[in-house]
Amino acid sequence: MTKQKRPFKENLLDVTNIEPKYLDISYATLSERQKLDIYLPSVDEGPFPVIVHIHGGAFKMGNKRDEQLTSILLGLKRGYAIVSVNYRLSQEAKFPAAVEDVKAAIRFIKANAKKYQLNPNKIAVWGGSAGGHLSAMVGVTSHLSLFEHPQLGNIEQSSAVQAVVDWFGPINFLTMDEQFKELEVNPKLGITCSINSPESEYIGTLITEVPDLVQKSNPETYIDASNPPFFIQHGTADGNIPYLQSVYFSNKLKEVIGENKVYFELLEGAGHGDGVFSDKLYFTASENLEKVFVFLDSVLK
């Protein structure tokens, strides 16, 4: 008798006790994945500055309500509205679908800001890993008309944001293997320039065969002086994404938008998504999370 494989079950956070909130709101209608959740501070009245959470998961898994959201929700106590976004994953749609989705979600936020007590002029994006990549893409294309899919709605709105938090996101897919070798790190997910890598699956084909398309997916391509402030962190023991991805990206940002608009830090000995990034102390932000919130406060408040 063949053993049946159990379907993958996502472990979602219990958000029952968070009020007020609005769950599973459709920001577009092409896919069931195009939904977002809104959480508001329980004290005071809006409009509240907004943190848009973009989950990670190698572009092919993850959920707006999984454990990655836990540390972001601490922003509620600091007066932020939290909007957590799902986007089309690589099994369903290829680049630039995920970027288009996140930008559509931001346009939805702005179009419905008054209804949900949100400040449309005070928005940050924050994500880790694949979510860090998408956050970076949104940030560098904030003032461009790229990746604004008209069928996803609210096209009259801008998808510009005022701040970006990029935790250990991949940036230039074509340089990752070379950087792993330089750092003498054995990549946990295997060779990036392979047909089965998360990056190739995200692009839709082997990345070495479509360098022009990969260049379009590279946030470095779009850096200009109008980009918002960036907060970037990466662990030196990251076996999924070489930390040199963030080193070179932050350096290029600094050259164009100025060192005062880019906070970059390597966390010594930290792995991919290591607890040092987001560990919480009795529902209070840890030392590292405090750095993130201080940065956001400086831009959005």
Side-chain angles (χ1 to χ4, degrees), residues 27-28 30-31 33-37 50-66 68-69 72 82-109 123-144 146-149 152 158-173 176 192 197-204 207 213-223 227-228 230-234 240-241 245-246 249-250 253 272-273 277 292:
Y27 62 82
L30 291 185
S31 168
R33 288 283 303 182
Q34 293 169 326
K35 292 182 179 179
L36 56 78
D37 297 338
V50 181
I51 297 173
V52 177
H53 172 239
I54 309 171
H55 70 78
F59 302 107
K60 60 183 179 180
M61 55 189 171
N63 188 283
K64 59 184 167 58
R65 216 175 300 160
D66 66 21
Q68 298 174 68
L69 176 64
I72 316 299
I82 309 300
V83 180
S84 194
V85 177
N86 271 349
Y87 51 88
R88 284 171 289 173
L89 301 175
S90 59
Q91 301 99 318
E92 178 181 358
K94 307 304 180 184
F95 172 81
V99 182
E100 292 172 344
D101 284 356
V102 176
K103 291 171 81 73
I106 293 167
R107 296 197 306 271
F108 176 91
I109 290 167
I123 299 176
V125 285
W126 180 353
S129 194
H133 171 88
L134 294 172
S135 295
M137 282 292 287
V138 169
V140 294
T141 62
S142 272
H143 302 287
L144 302 175
L146 292 169
F147 310 122
E148 307 284 2
H149 195 312
L152 302 186
S158 163
S159 62
V161 298
Q162 285 66 56
V164 177
V165 179
D166 164 19
W167 271 352
F168 44 89
I171 301 298
N172 185 347
F173 302 158
M176 288 173 61
T192 308
S197 72
E199 292 76 19
S200 289
E201 291 179 346
Y202 172 66
I203 293 297
I207 57 175
L213 187 58
V214 176
Q215 187 68 13
K216 290 180 180 179
S217 75
N218 181 352
E220 294 171 340
T221 302
Y222 309 102
I223 296 173
N227 293 164
F230 272 72
F231 182 103
I232 302 171
Q233 288 182 318
H234 212 127
N240 293 44
I241 310 296
Q245 290 281 294
S246 291
F249 181 46
S250 62
L253 280 168
H272 193 75
F277 287 93
V292 182

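Since the structure is predicted, the reported quantities are computational estimates derived from the model, not experimental observations.
- A salt bridge does not link Asp101 with Arg33: every distance from a Lys NZ or Arg NE/NH1/NH2 to an Asp or Glu carboxylate oxygen is 4.0 Å or more.
- In this structure, Val214 and Ile207 approach most closely via the heavy-atom pair CG2-O, 3.5 Å.
- Annotation: side-chain contact (heavy atoms from CB on, under 4.5 Å) contacts of Ala97 (sequence neighbours excluded): Arg88, Ala93.
- Taken to the nearest 0.5 Å, the CD1 atom of Ile241 stands 9.0 Å off from the CD1 atom of Ile171.
- Although no hydrogens or angles enter the test, the distance criterion places a donor-acceptor pair under 3.5 Å between the side chain of Asn86 and the main chain of Lys64.
- For Lys216, the salt bridge (charged side-chain N to carboxylate O under 4.0 Å, His left out) test picks out no residue, with sequence neighbours left out.
- Scanning both residues, Pro198 and Ala58, for their nearest heavy atoms gives CB-O, 3.5 Å.
- Looking at residues two or more places apart in sequence or on another chain, you find no side chain to side chain donor-acceptor pair (under 3.5 Å) involving Ser250.
- A search for side chain to side chain donor-acceptor pair (under 3.5 Å) contacts involving Trp126 returns nothing, not counting sequence neighbours.
- Across Ser90 and Lys60, no two heavy atoms sit closer than the pair OG-CB, 3.2 Å.
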Please report the C-alpha distance between Ile123 and Gln162 in whole Å, then the side-chain angles of each, then the deciding distance to 0.1 Å, and finally whether the side chain to side chain contact (heavy atoms under 4.5 Å, CB included) criterion is met. CA-CA 6 Å; Ile123 299 176; Gln162 285 66 56; 3.8 Å; yes
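- Closest approach of Ser246 and His234 over heavy atoms only: OG-ND1, 2.7 Å.
- Checking side-chain atoms of Ser200 against main-chain N and O of Ser197 turns up no donor-acceptor pair under 3.5 Å.
- For Gln233, the side chain to side chain donor-acceptor pair (under 3.5 Å) partners are Trp167, Glu265, Asn288, not counting sequence neighbours.
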Between Ile54 and Gln68, is a side chain to side chain contact (heavy atoms under 4.5 Å, CB included) present by the stated rule, with each step listed? CA-CA 9 Å; Ile54 309 171; Gln68 298 174 68; over 6 Å; no
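- Heavy atoms only, all atoms of each residue included: Ala160 and Ile106 are closest at O-CG2, 4.3 Å.
- In this structure, the separation between CZ on Phe108 and OG on Ser159 is 15.5 Å, given to the nearest 0.5 Å.
- One distance of note links CG of Asn227 with CG of Leu144; it measures 8.0 Å at 0.5 Å rounding.
- Annotation: ring pair (Phe, Tyr, Trp, His ring centres under 6.0 Å) contacts of His272 (sequence neighbours excluded): Phe168.
- Atom CZ of Phe249 sits about 5.0 Å away from atom CD1 of Ile223, to the nearest 0.5 Å.
- Interatomic distance, CD of Gln245 versus CG of Asn240, reported as 12.0 Å (0.5 Å rounding).
- Using a 4.5 Å heavy-atom cutoff, the side chains of Leu253 and Ile232 are in contact.
- Taking the ring pair (Phe, Tyr, Trp, His ring centres under 6.0 Å) definition, one finds that His55 meets it with Tyr87, sequence neighbours left out.
- Counting only heavy atoms from C-beta outward, the side chains of Tyr27 and Leu152 never approach each other to under 4.5 Å.
- Scored by the salt bridge (charged side-chain N to carboxylate O under 4.0 Å, His left out) test, Lys94 finds no partners at all (sequence neighbours excluded).
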Apply side chain to side chain contact (heavy atoms under 4.5 Å, CB included) to the pair Leu69 and Ile82, showing each step before the final yes or no. CA-CA 9 Å; Leu69 176 64; Ile82 309 300; 4.0 Å; yes
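- With sequence neighbours excluded, no residue forms a side chain to side chain donor-acceptor pair (under 3.5 Å) with Glu199.
- With rounding to the nearest 0.5 angstrom, the OH atom of Tyr222 is 3.5 Å from the CZ atom of Phe147.
- Scanning for ring pair (Phe, Tyr, Trp, His ring centres under 6.0 Å) contacts around Phe231 gives Tyr263, Phe295, with sequence neighbours left out.
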Donor-acceptor pairs are to be reported for all side-chain atoms of residues 130-142 against protein atoms at under 3.5 Å, with residues two or more places apart or in another chain.
from, atom 1, to, atom 2, distance (Å)
His133, ND1, Pro170, O, 2.8
His133, NE2, Ser217, O, 3.4
Ser135, OG, Gly127, N, 3.2
Ser135, OG, Gly131, O, 2.8
Thr141, OG1, Lys103, NZ, 3.0
Thr141, OG1, Met137, O, 2.7
Ser142, OG, Val138, O, 3.1
Ser142, OG, Gly139, O, 3.3
Ser142, OG, Val161, N, 3.1

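- Remark: Glu220 engages Lys252 in a salt bridge (charged side-chain N to carboxylate O under 4.0 Å, His left out) (not counting sequence neighbours).
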